[in-house]
Amino acid sequence: MKITILGTGCIWTKRACASYLINNDIMIDPGSGTLKQLFQSTNKVLHHEKIERIKLILITHYHSDHYFDILYFIWKLASDKNPNTRATIICPPGGEEKIKTLCSLGMSKATFEKLNFDKYIKIVDASKMGTFQYGNFEITSHRMDHGPTECYGYTFKEVGGKTVSFTGDSNFCDSMQFMVDNSNVAFVDMAGTDISSKHFNIIDGIKLMQEYKDKCTIIPCHLTSQALDYCIGKINPPRDLMVIDTALDRPYCYELDSNILQESEEFNVELATDKFNLIVGDIVDLKLSSTNRTNTQNNLPTYCFDILLHNSQDLIGQVNYSVVPESFDGHDYNVFLTLNKNYENMKSVKYESCSLIKEVAKHHNSNTLYLACAPDDFDTRKVYESLGAYLKEIKTSTFVDETNTRKTQESGVWVWEFD
């Protein structure tokens, strides 16, 4: 069984929404943006053929990030223009009404009236399906625990192959326990970092992954930005469009010593120490003090500069810049600025230090600086705004202290993009 992870995230992250393509003809959760992910998948098939090859669609629950793109599939699969297409949709109760309503709202009346649901689409109630036979798969639905929302997970038992489960959105429950106990591979919702009545979490999820390391390959999914931040320095989360081959002994490895991201040539960065040994400004100069991987969270190549008053040796602060490949999203910020107490309120010093760092970023073909700032640090916010920064998001980071008590801390991440 080959599974393309179309999306590893949720609606509240730049990663695509959690969705899966199995052997090119089965899809789980065609949520918002899934169609675009399908088109980006690597198999060399024309766009319309990728849709027409899908014969089975499973929906875990009726939240937009899990089924709103179904209307585009219906558009292709239920049209008399494609007389050879047939598809079965397995979904929670009320699926026919919800799907038809969504289609009627999302396309013109004329197009909707041309769709032939009865001829091309079979809708199966997941609460009543029990075990469903499809090709070489024996598929079973499981009622999950997603708070008040009725949600179903699915287990695929392949004849002569492996058993793979998909929890959908769910807190840890008896069904999730059954899945990890009885599957070779399990895609498990680990949405955030806090204990929730609707989702499992990445903190306890990592413990579960380690506990089941030799029993079941557990793959975290539906990851929020907070969950992805927590992964840094602990595990390698799966990536969008990653292909999982269940025939392999280890179809997915979360351990850091085989970091897939580190395989990229983008990380073999040659730092331009000669070019940036001294960067001269009008108010301050940046003098290169060292080059190392000081950003221990991400292990990225980093320039470390002393901030000196212009044309002097008076040290007034430090600024570090880590080289971040444009494709790498596993970090919070790549510019870290500190100033001595007498200068920390001088906006002009902050402004020019960041302006000079921009030249280093340009050298490494990066058009983005990630700047850390507390939400209530209004002086620094004004400096970043004057640079053209805008508030991209306020990330919430969760850490666990020695008593295993979860604590939350907010920090603002400003993104400065330039030409």
> With a 3.5 Å cut-off and no angle check, do the side chains of Ser170 and His199 form a donor-acceptor pair?
Replying inline: no
> Salt bridge between Glu150 and Arg143, side-chain N to carboxylate O under 4.0 Å?
Replying inline: yes
>> Has Ser355 got a side-chain atom pairing as donor or acceptor with Tyr351's backbone, closer than 3.5 angstrom?
In response: yes
>> Any side-chain to backbone donor/acceptor pair from Asn184 onto Cys216? Under 3.5 Å, distance only.
In response: no
> Roughly how far, to the nearest 0.5 Å, is the CZ atom of Arg53 from the CG atom of Asn23?
Replying inline: 10.0 Å
>> Using ring centroids (six-membered ring only for Trp), state whether His142 and Phe178 fall under 6.0 Å.
In response: yes
>> Checking side-chain polar atoms at under 3.5 Å, does Asn340 have a donor or acceptor matched by the opposite partner on Glu344?
In response: no
>> Just so I know, are the side chains of Ser175 and Asp145 near enough to count as touching, which here means a heavy-atom distance under 4.5 Å?
In response: no
>> Between Asp240 and Gly7 (side chain of the first, backbone of the second, donor and acceptor by atom type, cut-off under 3.5 Å), is there such a pair?
In response: no
> Is the count of non-hydrogen atoms from other residues, nucleotides or ligands lying under 6.0 Å from Lys198 atom NZ greater than 12?
Replying inline: no
> Do Lys362 and Ser366 have side chains that get closer than 4.5 Å, going by heavy atoms?
Replying inline: no
>> Which heavy atom of Pro238 sits nearest to which heavy atom of Thr8, and what is that distance?
In response: O-CG2, 3.7 Å
> Hey, are Ser196 and Asp194 close enough side-chain-wise for a donor-acceptor pair under 3.5 Å?
Replying inline: no
> Does a side-chain heavy-atom distance below 4.5 Å link Asp245 with Met1?
Replying inline: no
>> Please determine whether salt bridge (charged side-chain N to carboxylate O under 4.0 Å, His left out) holds for the pair Lys100 and Glu96, giving the CA-CA distance in whole Å, both sets of side-chain angles, and the decisive distance to 0.1 Å.
In response: CA-CA 6 Å; Lys100 287 184 177 179; Glu96 183 170 355; 2.9 Å; yes
> Side-chain donor-acceptor pair under 3.5 Å between Thr291 and Thr273, yes or no?
Replying inline: no
> For the residue pair Asn320 and Thr302, what are the closest heavy atoms and their distance?
Replying inline: CB-CG2, 4.0 Å
>> Rounded at 0.5 Å granularity, tell me how far NZ in Lys36 sits from OG in Ser41.
In response: 13.0 Å
>> Treating Arg15 as the side-chain partner and Trp12 as the backbone partner, does any N or O pair qualify as donor plus acceptor under 3.5 Å?
In response: no
> Any sub-3.5 Å donor-acceptor pair from Lys50's side-chain atoms to Leu38's backbone N or O?
Replying inline: yes
>> Is it the case that atom NZ in Lys162 sees more than 12 heavy atoms from other parts of the structure closer than 6.0 Å?
In response: yes
> If you round to the nearest 0.5 Å, how far is CD1 of Ile51 from CE of Met27?
Replying inline: 8.5 Å
> Looking only at heavy atoms, which two atoms of Ala126 and Ile90 are closest? And how far apart?
Replying inline: CB-CG2, 4.0 Å
> Say you draw a straight line from CG of Asp306 to NZ of Lys287; how long is it, rounded to the nearest 0.5 Å?
Replying inline: 7.5 Å
>> Tell me whether Glu352 is salt-bridged to Lys347, with the criterion being a basic N under 4.0 Å from an acidic carboxylate O.
In response: no
> Which atom names give the shortest non-hydrogen contact between Cys221 and Phe187, and what distance separates them?
Replying inline: SG-C, 3.9 Å
> Where do Ser290 and Tyr303 land on the side chain to side chain contact (heavy atoms under 4.5 Å, CB included) test, with the steps shown first?
Replying inline: CA-CA 6 Å; Ser290 64; Tyr303 292 87; over 6 Å; no
> Under the side chain to side chain contact (heavy atoms under 4.5 Å, CB included) criterion, do Val124 and Phe132 qualify, and how do the steps go?
Replying inline: CA-CA 10 Å; Val124 177; Phe132 186 93; 4.0 Å; yes
>> Strictly distance-based, threshold 3.5 Å: is any side-chain N or O of Asp29 a donor or acceptor partner for the main-chain N or O of Thr60?
In response: yes
> Out of curiosity, Tyr154 OH to Thr167 OG1, how far, rounded to the nearest 0.5 Å?
Replying inline: 12.0 Å
> Considering all heavy atoms of both residues, which atom of Gly95 and which atom of Tyr62 are nearest to each other, and what is their separation?
Replying inline: CA-OH, 2.8 Å
Donor-acceptor pairs under 3.5 Å, side chain of residues 109-118 to any protein atom, not counting sequence neighbours: which ones?
| from | atom 1 | to | atom 2 | distance (Å) |
| --- | --- | --- | --- | --- |
| Thr111 | OG1 | Ser108 | OG | 2.8 |
| Asn116 | OD1 | Lys119 | N | 3.1 |

> Is Phe172 close to Asp204 at the side-chain level, that is, under 4.5 Å between some pair of heavy atoms?
Replying inline: no
> Taking side chain as C-beta onward, heavy atoms only, is Ile218 less than 4.5 Å from Val180?
Replying inline: yes
>> Other residues, nucleotides and ligands only: do more than 12 of their heavy atoms fall within 6.0 Å of CD on Gln133?
In response: yes
>> Using modelled atom types and a 3.5 Å cut-off, is there a donor and acceptor pairing between side-chain atoms of Thr217 and backbone atoms of Val185?
In response: no
> Donor-acceptor pair, Ser289 side chain versus Cys304 backbone, under 3.5 Å?
Replying inline: yes
> Does the side chain of Ile206 reach to within under 4.5 Å of the side chain of Tyr254, using non-hydrogen atoms?
Replying inline: no
>> For Phe166 and Tyr20, take the angle between the two ring planes, folded into 0 to 90°, and tell me which bin it lands in: parallel under 30, tilted 30 to 60, perpendicular over 60.
In response: tilted
> Does the side chain of His146 pick up a donor-acceptor pair with the side chain of Asn171 at under 3.5 Å?
Replying inline: no
>> As a quick check of understanding, evaluate side-chain hydrogen bond (donor to acceptor under 3.5 Å, both in side chains) for Thr131 and Thr140, giving each step before the final call.
In response: CA-CA 4 Å; Thr131 297; Thr140 303; 3.1 Å; yes
>> Is there a side-chain contact between Leu286 and Ile357 in this structure, where contact means two heavy atoms from C-beta onward sitting under 4.5 Å apart?
In response: yes
> Going through the distances and angles, do Ile202 and Thr224 end up as a side chain to side chain contact (heavy atoms under 4.5 Å, CB included)?
Replying inline: CA-CA 9 Å; Ile202 191 66; Thr224 62; over 6 Å; no
> For residues Ser165 and Thr155, is any side-chain donor paired with an opposing acceptor at under 3.5 Å?
Replying inline: yes
> Side chains of Tyr252 and Asn236: is there a donor and an acceptor less than 3.5 Å apart?
Replying inline: no
> When you measure from the side chain of Lys157 to the backbone N and O of Val164, does any donor-acceptor pair fall under 3.5 Å?
Replying inline: no
>> Is any side-chain heavy atom of Leu56 closer than 4.5 Å to one of Ile22?
In response: no
> How far does CD1 of Ile121 sit from CD1 of Ile70, to the nearest 0.5 angstrom?
Replying inline: 7.5 Å
> Do Asp169 and His63 have side-chain atoms, one donor and one acceptor, less than 3.5 Å apart?
Replying inline: no
> If you measure from the Lys or Arg side-chain nitrogens to the Asp or Glu carboxylate oxygens, is any gap between Glu255 and Lys234 under 4.0 Å?
Replying inline: no
> Can a salt bridge be assigned to the pair Glu211 and Lys207 using a cut-off of 4.0 Å between side-chain N and carboxylate O?
Replying inline: no
>> The test is side chain to side chain contact (heavy atoms under 4.5 Å, CB included); show your working for Leu35 and Tyr72 and say whether it passes.
In response: CA-CA 8 Å; Leu35 188 68; Tyr72 301 114; 3.8 Å; yes
> Strictly under 6.0 Å, is that where the ring centroids of Tyr321 and His363 end up?
Replying inline: no
>> Whether the side chain of Asp69 engages the backbone of Thr34 through a donor-acceptor N/O pair (distance < 3.5 Å, no angle test) should be reported.
In response: yes
> Between Ala227 and Ala191, which heavy-atom pair has the shortest distance, and what is it?
Replying inline: CB-O, 3.2 Å
